[in-house]
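To keep things clear, I will list the structure first and then write my remarks on it.
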Amino acid sequence: YGAIVLTPSSYSGDDAKRARREHRGWKQIIESINGQLEDVFALAYPGARTMWGLLTRVAAKLLALNLGIRLNRLFGRDDFALATLFNS
């Protein structure tokens, strides 16, 4: 597909140390989002029967995740405190 995959060892040059630190930060954010999508929104097994159904369910769950993060920010809570969003 022509994708470029960056790993911490692929950085070189004067800014390598800073780039590795940023890489670790982005990796943490991505893993947190994937964990939320799998645990809270059950995205690991979406149960779709068609590709259109899968895309619709993934889009709906991504929208729900973004809405939950936005609401948490409005209420001054942690971004990923989604499990208790409506219980408190």
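Residues that satisfy the side-chain hydrogen bond (donor to acceptor under 3.5 Å, both in side chains) test with Ser12, not counting sequence neighbours, are absent from this structure. Partners of Arg73 according to the salt bridge (Lys or Arg N to Asp or Glu O under 4.0 Å) rule, which considers only residues two or more places apart in sequence or in another chain, are Asp79. For Arg70, the side-chain hydrogen bond (donor to acceptor under 3.5 Å, both in side chains) test picks out no residue, with sequence neighbours left out.
Residues Leu65 and Leu37 are in side-chain contact: their nearest non-hydrogen atoms beyond the backbone lie under 4.5 Å apart.
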What donor-acceptor contacts under 3.5 angstrom involve side-chain atoms of residues 50-60, with partners at least two apart or in another chain?
from: Thr50; atom 1: OG1; to: Gly53; atom 2: N; distance (Å): 3.0
from: Thr56; atom 1: OG1; to: Trp52; atom 2: O; distance (Å): 2.8
from: Arg57; atom 1: NH1; to: Pro46; atom 2: O; distance (Å): 2.6

Could you tabulate the donor-acceptor pairs under 3.5 Å formed by side-chain atoms of residues 22-29, not counting sequence neighbours?
from: Glu22; atom 1: OE1; to: Arg18; atom 2: NH1; distance (Å): 3.4
from: Glu22; atom 1: OE2; to: Arg18; atom 2: NH1; distance (Å): 2.7
from: His23; atom 1: ND1; to: Tyr11; atom 2: OH; distance (Å): 3.0

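Between Phe80 and Ile69, the shortest heavy-atom contact is CE2-CD1, 3.6 Å.
For Asn66, the CG atom counts as densely surrounded, since its 6.0 Å shell holds more than 12 non-hydrogen atoms of other residues, nucleotides or ligands.
The salt bridge (Lys or Arg N to Asp or Glu O under 4.0 Å) analysis of residues 34-49, with sequence neighbours excluded, yields no pairs.
In this structure, the separation between CG on Asp15 and CZ on Arg20 is 11.0 Å, given to the nearest 0.5 Å.
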